[in-house]
Amino acid sequence: MKAYDPHEIEPRLQLQWQESGLYTVDETSDKPRKYVLEMFPYPSGDIHMGHVSNYTYGDVVARYSRMRGFNVLHPMGWDAFGLPAENAAIKHHSHPAKWTYDNIDTQRASFKRMGYSYDWDRTVVACDPEYYRWGQWIFLEFWRRGLVERRNSPVNWCDDCGTVLANEQVIDGRCWRCDSEVQKRDLTQWYYKITDYAEELLADLDQLTGWPENVKQQQANWIGKSEGANVDFALVPLAETRSPLASDCEIGGDVVPPISCPAESGSGPQASGTNSDREVITVFTTRADTLFGCSFFVVGPEYEGLAALVAGTPNEADVLAFAEEARKVSAVERAQGDREKHGIFTGRYVVNPVNGEQVPVWVADYVVADYGTGAVMAVPCGDQRDFDFARKYDLPIIPIILSEDDPLYEQLKDQQGRVVTQVDWTEAYGAEGVLVQSGPYTGMKGGKHSPAEAAIVAALEAAGTGKRTTEYRLRDWLISRQRYWGNPIPAIHCPQCGVVPVPEEDLPVRLPEDIDLAAGETLATHAGFANTTCPVCGGPAKRETDTMDTFTCSSWYYMRYCDPHNVHAPFASDRVNAWMPVDQYIGGIEHAILHLLYSRFFTKVLRDAGMLDFDEPFTNLLCQGMVLDAHGEVMSKSKGNVVSPEEMIQDYGADAVRAAMLFMGPPDKEKLWNDDIVPSMMKFLNRVWRIVHDLVGKAGDDTLFDPQADASDVHTLAMAMKRERHRVVGKVTDDFDRNNFNTALAAIMELTNAVASFLRLRPADHRMACQTGGPLCQDVAETLVKLIAPIAPHMADELWQTVLGQSGSVHEQPWPEYDPEQAKADEVEIAVQLSGKVKARIMVAADADEDAAVAAAKEAVEAQLAGKTIVKQIYVPGRLVNIVAK
RNA sequence: GCCCGGGUGGCGGAAUGGCAGACGCGGAGGUCUCAAAAACCUCUACCUUCGGGUGUGUGGGUUCGACUCCCACCCCGGGCACCA
């Protein structure tokens, strides 16, 4: 027997697989198709343990699927545009392409060394003009469909990266890439109008039954749908303002005079002050039911009409100064949720449309600028933020929604007028409750989506002062970047014709290669690139010099894999429709929002463009957990705790590294790396290697079972091995179907243990005659090799081809069959419980009926049953007998 | 604050409401060996007066039976967050 030597076996088989084109997809095959995909890597350097984890899972799924009879598409490529390449180029006075392609070469070699079964003919590299050309084409298609917009607005600017960022790339006010503080700047930028798809992106999450719940939850949070209403508050003209100073701005006195309301006047909410000639400030609210509790009104410091609003008021200068200061607060500081609130009275009033009350308008820093209308109605009774603000500035808190258990409810439930009660609460009442002091709605149930909310919105709509609306937290996707190493935006700025698209036949707009980034050159300063002619009028014009966010590249690469060499289009629809959606997608949880949301968006747009016949790109999603060091710390160069896959392969071989990664735990959980695990897997593979050799050595031996010798033991263990063979195939099949790689491997170990027991118990000098012994050994050996083939593909193929002497590769073999009947034992051990406590264990026939099992069980616990009456007995076949006795 | 996960031996982790701790690591002892390595074997949750008792974050509940289901709480990880 040759010793197991992964360093000899692995490179040899990798070459054999490559030369035979084992993993090249055959588009003409009539097998059912399966698309197995892992998120493509960014070529940042050599691979790390996170890559090993991700791509090993994908490779096991791909290899297992092939053996299950699928025609499997399993491609690999690189997400090759991005800032690190540019920084490296500046540092080394070279070109980003060099750094990128060098790293791709390194990674490709490592992936091959890991034995991953990719179809390398389909590789997509995002910075290849043959790929990014079609990213530009898709940009133009989005433009044609009205989904591209260029607009000026406050954007996130990262100074260290020298570019703007999408909302999704700002984490707690910091840049996702370099962690430096993000500033707000007013800039004209390019957007993809993802908000047009907000509703569908949210609603279709329900279709994604193969996605982890937390990812769907994160996307739903990010989209952030709120159903409510826009309500118009009419501005009281300055001339009619009755109380000009901030200090008297409360609704005067303790008792507000009774207001007219439908119960008295017979009409809907008073539309007082909503004449068309009056200026209106609109607010968005999900709690229209609390309108009667509105005691002030707030606009944010960024509110557009602020200057006009305060023009001519006594406090104009102070208000503008306050707003200016508030705007300067950094995003990082603002990201802290429980900041102290600050505000100032504007001197103006608006009219509450439900009751005609005039309420003071404040400017405060707790109003979010780009959500809703940038203005809110304040109901301190029902909203904690308004409550805090009211307390700080001594503004009225009018109880209008209460729990029925509240003593105050008894006092107020029949209150006719409007008592401005300064309640002694310590916090707002945010829950559902019953309305009081709310005109005709008093006594109705209030809360989000409550009857009172519906009734009040309906009345506002009837009166023309309100409208049902849905707001989303999702913002449009800012796709332009002020960087070189990205996909150029195919647009031209013509002084005559404005901003015009680059004609399709002129694609791709190529990145100039002769650029000196180290000297500070940019696309904008590169004359050869920036200067062009207008495709409409032919006059001199400037090229757009922003590039696209790299996430635009990763939003459709999985479609390109289906038709990677197409020179006429991004892809042929029939090819993509034949493979997609991706059956199993695997990647890191950090893309729960960014990449996965953008990809879903692209899919829906291209579907609407008639290019795709499916709604969602990824049917099943597996988000792998991070690989951490033994102490649960993230591996990083600065901490010096990085485990190198390359070193592990050198020491133990790729198969052992793969097995170790799979065995560490469930794929979606964090994995704590332990240095002992790879050698122990090497040990296990060695054991399999020897066992298969041993079994094959016995396979030709038709004298295996000698009834003259200790036949009972040998026969018993042979039968146990056979049962285990069937049971384990069932278990492994089930586990692979559910991506439970760790327990699949554990089950394979159990089979090897059964085989080892069998082999050990048969001393070499036993010569036995049996018809079935040899074939059983051969069958078990083949089965074991097939089961382990997806996990340790090199060793399995070597055993298959040389030790088992089979032709072809094990990776083309059908997955082993199993017979559940044969997995059953004749006799099983069951537990005997007394009132749920295990008291004994007995052997019974596997098919024992209840009477037999219970009788045997009683015998086993006879002593403990003495003097007791049996109340109940439960028999779970193959498991236990539970006797309840008093 | 809201929304997801999770809490099981010394460690990683197993358990369709049915014998908790599969499988592996580590540890102890042994076989083989001149010796070591490798390989193989046995043991390995805790307490115990050796009868048994206790154990899956805590406290209740449902059930013949709960790691699993329900209620309340504690702790850890993640996401969202002055989003009206």
Side-chain angles (χ1 to χ4, degrees), chain A residues 3 171-172 212-226 228 283-288 290 298 300 334-341 364-373 375-379 382-386 388-389 427 430 448 471-474 589-590 592-593 625-626 630 632 659-660 663-666 668-677 679-681 683-684 686-687 690 731 740 742-750 752-753 756 760 829-841 871-885:
Chain A
I171 296 150
D172 294 334
E213 205 52 47
N214 66 328
V215 173
K216 290 192 276 186
Q217 200 68 48
Q218 282 185 47
Q219 293 215 354
N221 281 349
W222 190 258
I223 296 167
K225 178 178 182 175
S226 285
V283 296
F284 173 73
T285 179
T286 57
R287 294 296 303 277
T290 64
V298 195
R334 283 193 170 209
Q336 289 158 3
D338 46 1
R339 283 177 62 229
E340 165 98 32
K341 297 168 178 54
D365 57 2
Y366 73 94
V367 177
V368 177
D370 59 354
Y371 183 77
T373 61
V376 299
M377 66 176 205
V379 183
D383 183 286
Q384 191 58 42
R385 294 154 298 179
D386 299 342
D388 294 341
F389 193 78
E427 58 182 24
K448 278 192 179 177
E471 280 285 332
Y472 298 89
R473 214 189 66 97
L474 182 70
I589 187 71
E590 67 274 18
I593 296 171
M626 293 241 288
F663 193 60
M664 278 199 297
D668 56 336
K669 298 286 185 308
E670 284 179 347
K671 287 156 283 272
L672 303 189
W673 185 265
N674 177 337
D675 276 342
D676 294 333
I677 196 158
S680 78
M681 286 301 123
K683 197 170 113 185
F684 164 68
N686 229 319
R687 188 174 159 90
R690 285 192 318 265
K731 168 77 174 150
N740 291 338
N742 56 329
T743 51
L745 190 43
I748 295 172
M749 289 172 178
E750 288 178 293
T752 62
N753 289 345
R760 202 182 311 126
E829 189 189 70
I830 65 167
V832 181
Q833 297 183 333
L834 277 181
S835 303
K837 298 273 180 196
V838 178
K839 296 292 176 185
R841 294 169 216 277
V871 182
K872 197 168 183 176
Q873 52 202 26
I874 291 119
Y875 172 49
V876 183
R879 299 279 187 180
L880 55 77
V881 171
N882 186 9
I883 298 166
V884 186

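The chains referred to below are lettered A, B, ... by the order of the sequence lines, with proteins before strands, and numbering in each begins at 1.
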A/Gln218 has a side chain; which of B/C4, B/C83, B/G78 sits nearest to it?
B/G78

Hey, does the side-chain of A/Arg385 have a donor or acceptor N/O within less than 3.5 Å of a partner on the base of B/A84?
yes

Roughly, in whole Å, what's the span from CE in A/Met749 to P in B/G13?
15 Å

A/Leu474 CG to B/C80 C1', in whole Å, measures 14 Å

Should B/G65 be called syn or anti, with syn set as within 90° of 0?
anti

With respect to the side chain of A/Asn742, which nucleotide from B/C40, B/G24, B/A14 is positioned closest?
B/A14

May I have the distance from A/Asp675 (atom CG) to B/G12 (atom P), rounded to whole angstrom?
15 Å

Mind listing the closest non-hydrogen atom pair of A/Ala831 and A/Val838 along with its distance?
CB-CG1, 4.2 Å

Side chain of A/Arg879 (C-beta onward), nearest among B/G24, B/G18, B/C82:
B/G18

Between A/Ile830 and A/Gly224, which residue's closest nucleotide on RNA chain B lies nearer the 5′ terminus?
A/Ile830

Quick one: on RNA chain B, does A/Leu880 or A/Asp365 contact a more 5' nucleotide (nearest heavy atom)?
A/Leu880

Any N or O donor-acceptor pair linking the side chain of A/Asn221 to the base of B/C80 at under 3.5 Å?
no

Which nucleotide wins on minimum distance to the side chain of A/Pro666, given the candidates B/C64, B/G13, B/C83?
B/G13

Between A/Lys839 and B/G53, does any side-chain N or O lie under 4.0 Å from OP1 or OP2?
yes

Write down the atom of A/Ala364, the atom of A/Val298, and the distance for their closest heavy-atom approach.
CB-CG1, 3.3 Å

Rounded to the nearest 0.5 Å, how far apart are CD of A/Gln833 and CD1 of A/Ile874?
8.5 Å

Among B/A84, B/G65, B/G77, find the nucleotide with the atom closest to the side chain of A/Glu670.
B/G77

Length of the line joining A/Glu750:CD and B/A15:P, which is rounded to integer Å:
11 Å

Within the distance-only criterion (no hydrogens, no angle test), does the side chain of A/Asp383 pair as donor or acceptor with the backbone N or O of A/Asp386 below 3.5 angstrom?
yes

For A/Phe663 and B/G24, what is the distance between atoms CZ and P respectively, to the nearest whole Å?
7 Å

B/A14 phosphate, OP1 or OP2, under 4.0 Å from A/Asn740 side-chain N/O:
no

Of the nucleotides B/C82, B/G24, B/C40, which has the atom closest to the A/Tyr366 side chain?
B/C82

State the pairing partner of B/A39; accept Watson-Crick or G-U wobble contacts with both distances under 3.5 Å, and report none otherwise.
B/U31

Closest listed nucleotide, where the reference is the side chain of A/Val368 and the choices are B/C4, B/C83, B/G18:
B/C83

Below the 4.0 Å mark, does B/C80 have OP1 or OP2 next to a side-chain nitrogen or oxygen of A/Arg473?
no

Strictly by Watson-Crick or wobble contacts shorter than 3.5 Å, is anything paired with B/C67, and which nucleotide is it?
none

Distance between the C1' atoms of B/C11 and B/G27, in whole angstroms?
11 Å

Rounded distance in Å between the C1' positions of B/U54 and B/G9
14 Å

B/C70 versus B/G12 - spacing of their C1' atoms, nearest Å:
31 Å

Taking it one step at a time, do A/Ile593 and A/Gln218 satisfy side-chain contact (heavy atoms from CB on, under 4.5 Å)?
CA-CA 7 Å; A/Ile593 296 171; A/Gln218 282 185 47; 4.3 Å; yes

Looking at A/Trp222 and A/Arg473, what are the two nearest heavy atoms and their distance?
CE3-NH2, 2.7 Å

Take A/Arg287 and A/Lys448 through the test side-chain contact (heavy atoms from CB on, under 4.5 Å) and record every step on the way to the result.
CA-CA 6 Å; A/Arg287 294 296 303 277; A/Lys448 278 192 179 177; 3.6 Å; yes

Which of B/A84, B/C23, B/C25 is nearest the side chain of A/Ala746? It is B/C23

Strand partner of B/G9, provided both Watson-Crick or wobble distances fall under 3.5 Å:
none

Is A/Ser226 close enough to B/A84 that one of its side-chain N or O atoms is under 4.0 Å from OP1 or OP2 there?
yes

Distance, P atom - from B/A38 to B/G26, rounded to whole angstrom
10 Å

Give me syn or anti for B/G9, where syn covers glycosidic angles within 90 degrees of 0.
syn

Nearest whole angstrom, please: distance from the P of B/G65 to the CD of A/Gln873.
16 Å

Quick note, A/Trp222 side chain, CB onward, closest among B/C64, B/C40, B/A81 is B/A81

Taking atom P in both B/A20 and B/C32, what distance in whole Å separates the two?
38 Å

Residue matched to B/C46 through Watson-Crick or wobble contacts both under 3.5 angstrom:
B/G53

Give me the ring orientation class for A/Tyr366 and A/Phe389: parallel if the planes are under 30° apart, tilted from 30 to 60°, perpendicular past 60°.
tilted

Complement of B/C80, any strand, by Watson-Crick or G-U distances under 3.5 angstrom:
B/G1

What nucleotide, of B/A84, B/G24, B/C80, holds the atom closest to the side chain of A/Ile593?
B/C80

For nucleotides B/C73 and B/C47, find the distance between their P atoms and express it as a whole number of Å.
35 Å

So, OP1 or OP2 of B/C25: does either fall under 4.0 Å of a side-chain N or O from A/Lys683?
yes

Could you pull out the closest heavy-atom pair between A/Ala659 and A/Leu745, with the gap in Å?
O-CD2, 3.6 Å

Could you check how far CG of A/Asp676 sits from P of B/C23, rounded to whole Å?
19 Å

What is the distance from CG of A/Leu672 to P of B/G77, rounded to the nearest Å?
14 Å

Any-strand Watson-Crick or G-U partner of B/U58, both distances under 3.5 Å
B/A72

